[in-house]
Amino acid sequence: MISSPAVQATVDHSALTHNVRLLVQASAPARVIAVLKANAYGHGAVPVARTVLAAGASQIGVATLAEAFELRAGGIEAPIIAWLHAFDPDEAVPAFAEAVNLGIELGVSTSAQLRAVSEAALRADSLAVVAVKVDTGLNRGGFVRADWRAAFACLANAEAAGAVQVRAVFSHLANADRPECHTNTEQARSLREAVALAREAGLDPKLVHLANSPAVLTRPKALVNGLPAFNATRPGVAVYGLSPIPDRDFGLIPAMTLTARVGAVKRIQPGDGVSYGHDFVAQEPTTLGLLPIGYADGLSRALAGKFEVTIRGKRYPGVGRVCMDQVMVDLGPGDPPVREGDIATLFGPGKDGEQTADDWARASGTINYEIVTQIRGRVRLRHSNV
Ligand SMILES: *Cc1c(COP(=O)(O)O)cnc(C)c1O
C-alpha cells in the first residue's frame, strides 16, 4: 500500500468531541443519539462511533441494519438503533433475528415490519427491542396516524407474549431548519398524542425523540413556540461540525478536511485552452497545477470554475471542467511558489483561509450534508487527534 495517498479526507476527532459536547449540552436533560448513518456522513463510522461515545453520546443511530452490523463488527457495543428497512419478505425475519441477537434496537415503520420483528424475536435468543416510528407530518417513513392504535395494540400483544420490548416512540421533523415554522409545533403535538396512545395501549416507552441537529441547536427559540426535545435527540450533521442552517454559526467545528497533492505544475500561453472542451482559455501566460481528484471522488462537475484551493496559505481558482480523476487550478502569471507534491486543501474548517463544505454547497447548489457524504472513490480517510 502507498503510505501517503494523493487524496485524503482527514477527520479531526478533537472537532468531533467538541461538537458532541456542545450537542450534549444543548440537548440536556435529553440524551443524545448520535446519527452515524452513511458511514458517519462520510467520516468513517467505526472510529467516529468510538469518539462520539467517549464524548457523551449515549446511543448511536443509523439508517440500515447493514450499517448497524458494521458497527458491531467493528467492536462498538453501545446501544444502536437502525430505522430504515426494506426487505424481500423472505429476508426480513432472518435479518431482524440477527439484529436481535446483536442487541440492535429496531425502528419499525410498517405492520409488515412489526410482524417480521415479532417472528424474529421468537427465533432469536433475546427480546426484540423496538422503537416505533410514527409519521407526524413528514410523510416519509413511520406509521400514519390512522394506524397508530392498531400498531400499538399489536406491540402490546407482542410484549405480553414476551417477544418484544417497546423502548421508544419517535418521529422526524419536516421543517426543523426553519425553527419558526408552525409544522414543528404541530409535529411535536402529534408525537405527544402518539405517546399517549401508546401508554393507553399498555406500552411504556422510556424514550421519546424528535429533534435532529437544527431542532437541537435552535431549541432555546423553538421552546418558546413549544418544540420540546422530549428525552432524547438525534443530531447528525452537527456532530460533524456542519451547520444545519446555512449562514448560522452555532460554534461547531467542521471535522473533515479534504486535501490533494499537486501532481504536476506546467506553464501555458495566452490562447491555450484547459481541460475537456477548453471551457477555460488563458488570457495571459500562466501556470497550472494538476490535482488528482475528480467527480469520481466527490468533486462535483457542478463546481467547475466555482471553487478555490489553498496551497501554502494562498488561494488558487479551479479552472476548466472537472474530469473523472483530475482537475486543474490556475497558479497565476508570476512564478508560483507551488511545487509538484505540495498539498492543496480543497475544503476544511476554514481556519487557515481554505474553503469550507458550506462554500462548496453554495457554489454547487446543494447542502453541506451532500458535500461530505459524496466524498468517495480514491479518497483515503485518515483520522487525527483520536
Ligand atoms: C438523518 C436523520 C437524522 C439526523 O438529521 P440531521 O439533520 O443530520 O441532524 C435524525 N433522524 C432521522 C430519522 C434521520 O434520518
Side-chain angles (χ1 to χ4, degrees), residues 16 19-20 22-24 26-27 30-43 45 48-49 52 57-68 79-86 104-110 113 130-143 167-179 181 183-184 187-188 190-191 194 207-219 222 227 229-246 248 250 252 254-256 357-358 361 366-374:
L16 295 173
N19 300 329
V20 171
L22 188 151
L23 290 162
V24 166
S27 299
R31 64 179 83 178
V32 168
I33 301 169
V35 177
L36 270 57
K37 62 191 181 187
N39 196 27
Y41 291 47
H43 293 66
V48 169
V52 300
S58 42
Q59 184 169 358
I60 287 168
V62 291
T64 68
L65 282 183
E67 292 172 328
I80 300 176
I81 173 173
W83 54 67
L84 183 66
H85 315 292
I104 293 161
E105 182 176 336
L106 296 163
V108 292
S109 293
T110 70
Q113 287 171 13
V130 165
V132 190
K133 186 165 190 193
V134 291
D135 192 337
T136 54
L138 178 59
N139 291 316
R140 203 176 66 179
F143 288 95
R167 178 164 185 259
V169 176
F170 73 110
S171 191
H172 196 39
L173 292 164
N175 292 302
D177 54 343
R178 290 187 287 147
C181 183
T183 64
N184 293 317
Q187 287 197 259
S190 289
L191 181 54
L207 285 187
V208 179
H209 40 96
L210 178 63
N212 54 356
S213 299
V216 172
L217 293 166
T218 59
R219 191 178 162 215
L227 174 67
F230 297 102
N231 61 0
T233 64
R234 296 187 315 273
V237 81
V239 168
Y240 312 98
L242 301 176
S243 173
I245 305 178
R248 286 246 351 230
F250 295 103
L252 301 162
M256 184 187 286
D358 287 308
T366 184
I367 52 176
N368 51 18
Y369 294 71
E370 188 174 10
I371 299 299
V372 289
T373 54
Q374 77 189 358

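Counting starts at 1 for both ligands and their atoms, following the listed order.
Judged purely by atom type and a 3.5 angstrom limit, Q113 uses its side chain to pair as donor or acceptor with the backbone of H85. Not one N or O on the side chain of T136 forms a donor-acceptor pair closer than 3.5 Å with the backbone of L191. Using a distance-only test at 3.5 Å, with no hydrogens or angles considered, a donor-acceptor pair links the side chain of E67 to the main chain of A38. A donor-acceptor distance shorter than 3.5 angstrom exists from the side chain of S243 to the backbone of R248, with no hydrogens or angles considered. When atom types are taken as modelled, the side chain of T373 and the backbone of G42 share no donor-acceptor pair closer than 3.5 angstrom.
In this structure, R140 counts as a contact residue of ligand 1, since one of its heavy atoms falls inside 4.0 Å of the ligand. A heavy-atom separation below 4.0 Å is not found between F170 and ligand 1.
Within the listing of ligand 1, atoms 1 (C), 4 (C), 5 (O), 6 (P), 8 (O) sit less than 4.0 angstrom from a heavy atom of Y41.
Counting heavy atoms from C-beta on, the side chains of N212 and L173 come closer than 4.5 Å.
Between P235 and ligand 1, a contact under 3.5 Å exists for no N or O pair. At least one N or O atom of G236 sits closer than 3.5 Å to an N or O atom of ligand 1. Polar contact check, K133 against ligand 1: no nitrogen or oxygen pair lies under 3.5 Å apart.
With respect to atom 15 (O) of ligand 1, the closest heavy atom belonging to the protein is K37 NZ, 2.7 Å. Closest protein heavy atom to atom 9 (O) of ligand 1: S213 OG, 2.5 Å. Protein heavy atom at the shortest distance from atom 11 (N) of ligand 1 is R234 NE, 2.9 Å. Distance from atom 7 (O) of ligand 1 to its nearest protein heavy atom, with residue and atom name: Y369 OH, 2.7 Å.
Between H43 and Y240, the distance from one ring center to the other falls under 6.0 angstrom.
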